[in-house]
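One structure below.
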Amino acid sequence: MATVGVTHHQMFIDGQDVDSDQVFEIRHPATNELVCTMAKGTVDHADQAVESARRAFESGVWSSKPTEERAAIMRAIGDRIAVDLDDFIEAEISCNGATIRQAIGFHCGLASGHFLYFAEQAERYEFERDVPTVAYPTMSMNRVRREPIGVCAAIVPWNFPLVLGIWKIGPALAAGNSVVVKVDEKTPLSLLKLAQIAHECGVPPGVLNLVSGEGKEVGARLASHPDVDKVAFTGSTAVGREIMRLASGTVKKVTLELGGKAPTIVLPDADLDIAPDGALFGCMLYSGQVCESSTRVLVHESIHDEFVQRMVARARTIKLGDPSDFDTDMGPVVSERQRDRIVDYMERAKADGATVALGGGTPEGPEFESGWWIEPTIFTDVTNDMQIAREEIFGPVMVVIKYSTVKEAIAIANDTDYGLTAGVWGGDYEDAVEVGNQLRAGTVWINNWHQIDPALPFGGYKQSGTGRELGAGALDEYTEAKHMHVDLTTKLERHIFDILLSTPPEA
Ligand code: NAD
């Protein structure tokens with residue numbers, strides 16, 4: 001039900017706009033102004049979307065389409081994302097508060113290239129492979145086919161909805177599946193636009209559906225739905241655990257990309273002109289609301305004080321403000337709930353004995369009276385057992401931990417429940433790589449951060465998730481492997497049926 005004078009958006013099911021009698025209000029994180037309303041989906045909408053996805057899948061309208069035709073449609077979608085980039089940027093900034101530079105560089109700027117990567121995979125992926133084998137007693141032909149799984153649910157968070165959505169929608173469509181996307185209630189617009197573009201470019205009705213709704217109702221329904229074959233989720237580890245539990249009822253395939261508490265080891269020979277800036281970039285991008293951020297910075301005692309002093313000086317220059325202003329370095333955090341959660345963590349850090357080297361609260365000034373703001377914050381004198389060193393804060397909050405030996409730094413780095421990303425800053429890259437080899441994380445960056453490429457796998461060790469998104473293996477997560485054995489012998493005696501049938505056949 002729309003609010004007068006405010007744009008209203010509907011869900012997208014079976015190629016149609018679908019409304020609801022309830023709405024979500026989408027508010028700008030920097031001002032708390034009402035941006036638009038979005039139909040609030042229910043369990044019935046989730047069921048309707050799954051039914052439509054199943055129908056489309058069984059009809060073969062997409063799943064049996066020649067791969068080059070699927071690829072052509074996907075290429076058209078990837079190109080349209082680039083053409084409509086400004087609309088995506090506006091949608092992302094107004095819903096999740098990304099700054100315009102971050103939206104161009106990451107939130108939306110990566111989207112077209114990542115989608116086009118999956119368009120290419122639709123054509124290049126080895127859907128069928130003949131395997132020579134001598135393992136069988138009779139002559140045979142053995143083929144491995146990769147077939148689409150069926151109906152895939154994609155449950156997406158608010159921080160990078162477009163790109164994280166594409167990481168699921170792209171490989172799912174490339175492999176021939178049907179998809180139901182569940183957007184986060186705060187950030188539906190960019191993926192809604194993608195679904196509409198996909199429809200216009202020729203993705204048949206029912207193949208790509210989008211629903212909104214409360215996670216614990218609509219998301220949970222998709223994760224447990226008997227007719228959903230796979231669920232892909234990005235978000236908190238707590239919800240990831242719940243999704244795994246819900247999916248277990250029907251033994252769905254699951255990929256989970258969850259939280260992180262990434263360590264960066266700054267080696268004694270790190271370049272002090274680069275590494276402090278790099279550590280800030282690693283931690284503070286998009287107000288620290290990135291699962292792979294470098295939130296624990298481990299600094300060798302010999303350079304600790306100078307490193308911290310340089311980093312604090314640089315962090316003081318970070319300009320907070322209107323995310324659509326090109327001069328702004330850092331925008332708001334996404335919601336009041338998220339702001340309060342971060343403030344709470346900072347208060348506990350102070351109580352635990354950490355020293356505030358910078359920030360530690362909410363900024364003051366008329367421009368910060370509306371919306372949700374946190375100062376760039378650096379804590380020193382942190383030990384790895386403190387709560388701020390163990391839990392995902394999801395804000396612009398860095399903890400600095402001093403270490404004495406590299407062995408100790410590696411032990412601290414790995415002493416975490418998470419394992420999404422890790423990094424090393426060092427002058428000798430062979431030494432840095434040796435340290436990187438010992439870090440238990442799905443991605444290790446040496447002398448940089450946030451370097452994500454669609455051709456390279458992304459995902460977590462330990463409680464940071466299961467499975468990998470992106471990379472040449474991404475479609476493996478959206479296909480079932482089928483071994484087809486075709487026996488070529490025409491002679492009964494060449495078979496080994498006598499293992500069971502010992503009585504010779506009658507002449
Ligand atoms: P969340 O994990 O609760 O939500 C992510 C998505 O899951 C949303 O679409 C939500 O509607 C849905 N969801 C929630 N409960 C569900 C359930 N029971 N079943 C199925 N789907 C469900 O994340 P949040 O509440 O937005 O943020 C809380 C914390 O999660 C953050 O502070 C941060 O630490 C973490 N987080 C991590 C990522 C990431 O990229 N790894 C992204 C967002 C949030």
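None of these values were measured; they are calculated from a predicted model. Start at 1 and go down the list; that is how both ligands and their atoms are numbered. Each residue takes its place number in the sequence, starting with 1.
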Under 4.0 Å from a heavy atom of [X]: which atoms of ligand 1 are those, numbered in the order shown and with their elements?
X	value
P157	42 (C), 43 (C)
N159	40 (O), 42 (C)
A220	19 (N), 20 (C)
I155	7 (O), 9 (O), 12 (C), 21 (N)

With a distance cut-off below 6.0 Å to the six-membered ring centre and an angular limit of 45° from the axis, does K462 pair with Y418 as a cation-pi contact? no
Geometric cation-pi criterion, K230 with Y478: 6.0 Å, 45°: yes
If the threshold is 4.0 Å, N to carboxylate O, is there a salt bridge linking [X] and [Y]?
X	Y	answer
R221	D47	yes
K350	E347	yes
K319	D329	no
D352	R348	no
D14	R55	yes

[atom] [closest protein heavy-atom partner, distance rounded to 0.1 Å]:
atom	answer
atom 25 (O) of ligand 1	R337 NH1, 3.2 Å
atom 14 (C) of ligand 1	G215 CA, 3.6 Å
atom 31 (C) of ligand 1	Q338 NE2, 3.6 Å
atom 34 (O) of ligand 1	E392 OE1, 2.9 Å
atom 33 (C) of ligand 1	F394 CG, 3.3 Å
atom 10 (C) of ligand 1	K182 NZ, 3.8 Å
atom 4 (O) of ligand 1	D184 OD2, 4.4 Å
atom 18 (N) of ligand 1	K216 CA, 3.7 Å

Among Y345, F233, F160, W158, which residue places a heavy atom closest to atom 5 (C) of ligand 1? F233
Closest by any non-hydrogen atom to atom 39 (C) of ligand 1: pick that one out of G219, G460, C291. C291
If we ignore angles and hydrogens, is there a donor and acceptor under 3.5 Å between the side chains of [X] and [Y]?
X	Y	result
E391	Y345	yes
D322	S324	yes
E292	H450	yes

Consider every N or O of R341 and every N or O of ligand 1, then say whether any pair is closer than 3.5 Å. yes
Between ligand 1 and I393, is the shortest N or O to N or O distance under 3.5 Å? no
Only one of T362, V333, T377 passes side chain to side chain contact (heavy atoms under 4.5 Å, CB included) with I342, and that residue is V333
Using heavy atoms and a threshold below 4.0 Å, how should the contact between L258 and ligand 1 be classified: side chain, backbone, both, or neither? backbone
Proximity of V290 to ligand 1 by residue part, where a heavy atom lies under 4.0 Å: neither
Would you say E185 contacts ligand 1, with heavy atoms under 4.0 Å as the rule? yes
If we ignore hydrogens and angles and just use 3.5 Å, is the side chain of T37 paired with the main-chain N or O of E25 as donor and acceptor? no
